[in-house]
Amino acid sequence: MSEPRKPFPERADRAARVEGVVQVVIMLAIGAAAAAASFTHVHDVAEAHGQPGWLAWADAIVLELMSVAGGLELRRRKRLGAHLWFPAVVLVVAVVLSLGAQVVEAEPSVIGWLAAALPAAGFLAMVKIALG
C-alpha cells in the first residue's frame with residue numbers, strides 16, 4: 001500500500017504569506033484612497049460651514065485619524081480580550097460623520113449619494129476584514 005501524499009507545507013506557507021501581503025497592499029490602497037476622498041469632503045464641508053483655513057484642515061485631520069485610531073484600538077483590545085465598546089463607538093461615530101460630509105458634498109441623487117458613500121463604506125469594510 002502506498003502512503004497518501006503529504007501536502008507541501010513550505011509551498012502552503014509561502015502561498016499564505018503572499019496572500020497576506022497582497023491583502024495588506026489592497027487594504028492599504030483602499031484605505032489611502034478612502035481617506036483621501038473623505039479628507040477632502042470633510043475639509044470642504046468644514047470650510048463651507050464656518051471653519052476657515054487651518055480649522056477646516058484640523059477638522060479633517062482629526063476626523064480621519066479618529067477612524068484609524070479607533071480601528072487600531074479595536075484590534076489591540078480584541079487581541080487583549082478587553083472591552084471593545086468605546087473604540088467601536090469612536091470608529092462608528094467617525095465613519096458616520098465622514099459619511100455625512102461625503103453625502104453633503106454629493107450630487108443630490110441616489111447614484112450621487114452611493115458614490116459619495118463608497119469611501120466610508122470601503123474603509124469600514126476594510127476595518128471589519130482586518131479585525132476578522
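In this view, Ile30 and Ile26, Met126 satisfy the side chain to side chain contact (heavy atoms under 4.5 Å, CB included) rule, not counting sequence neighbours. In terms of the side chain to side chain contact (heavy atoms under 4.5 Å, CB included) criterion, residue partners of Val25 (sequence neighbours excluded) are, by chain and number, Val21. Val45 meets the side chain to side chain contact (heavy atoms under 4.5 Å, CB included) test with His49, Ala101, Val104, Glu105; sequence neighbours excluded.
Through side-chain heavy atoms spaced under 4.5 Å, either directly or across other Ile, Leu, Val, Met, Phe, Trp or Tyr residues, Leu80 is tied to no other residue. In this structure, Leu28 shares a hydrophobic cluster with Val24, the cluster being traced through Ile, Leu, Val, Met, Phe, Trp and Tyr side chains under 4.5 angstrom apart. If you chain together ILVMFWY residues whose side-chain heavy atoms come under 4.5 Å of each other, Val92 ends up grouped with Val96. Here Ile61 sits in one hydrophobic cluster together with Phe39, Trp57, Leu65; the rule is ILVMFWY side chains under 4.5 Å apart, joined directly or through other members.
Both Leu97 and Met66 belong to a single network of hydrophobic side chains, linked directly or stepwise wherever heavy atoms of I, L, V, M, F, W or Y lie under 4.5 Å apart. Residues Leu118 and Leu99 do not share a hydrophobic cluster, defined by chaining ILVMFWY side chains whose heavy atoms lie under 4.5 Å apart. Residues Val62 and Phe86 share a hydrophobic cluster, clusters being chains of Ile/Leu/Val/Met/Phe/Trp/Tyr side chains in contact below 4.5 Å.
Minimum heavy-atom separation, Gln51 to Ala56: O-CB, 3.0 Å. Ser67 and Ala94 make their closest contact through OG-CB, 3.3 Å (heavy atoms, listed as atom of the first residue, atom of the second, distance). Between Asp59 and Ala46, the closest heavy-atom pair is OD2-CB, 3.5 Å. Closest of all the heavy-atom pairs between Leu84 and Lys78 is CD2-N, 3.5 Å.
Pairs of residues two or more places apart, or lying in two chains, never qualify as side-chain hydrogen bond (donor to acceptor under 3.5 Å, both in side chains) while including a residue from residues 81-93. Pairs engaging residues 26-35 under the side-chain hydrogen bond (donor to acceptor under 3.5 Å, both in side chains) rule: none recorded [sequence neighbours left out]. Sequence neighbours left out, the pairs with a member in residues 62-73 that pass salt bridge (Lys or Arg N to Asp or Glu O under 4.0 Å) are Glu73-Arg76, Glu73-Arg77. Within the structure, side-chain hydrogen bond (donor to acceptor under 3.5 Å, both in side chains) pairs that include any residue of residues 88-102 comprise Ser38-Ser98, Ser38-Gln102, Ser98-Gln102 (at least two apart or interchain).
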With a cut-off of 3.5 Å and sequence neighbours excluded, list every side-chain donor-acceptor pair involving residues 106-117.
unit_1	atom_1	unit_2	atom_2	d
Glu107	OE2	Ser109	OG	3.0
Ser109	OG	Gly112	N	3.0

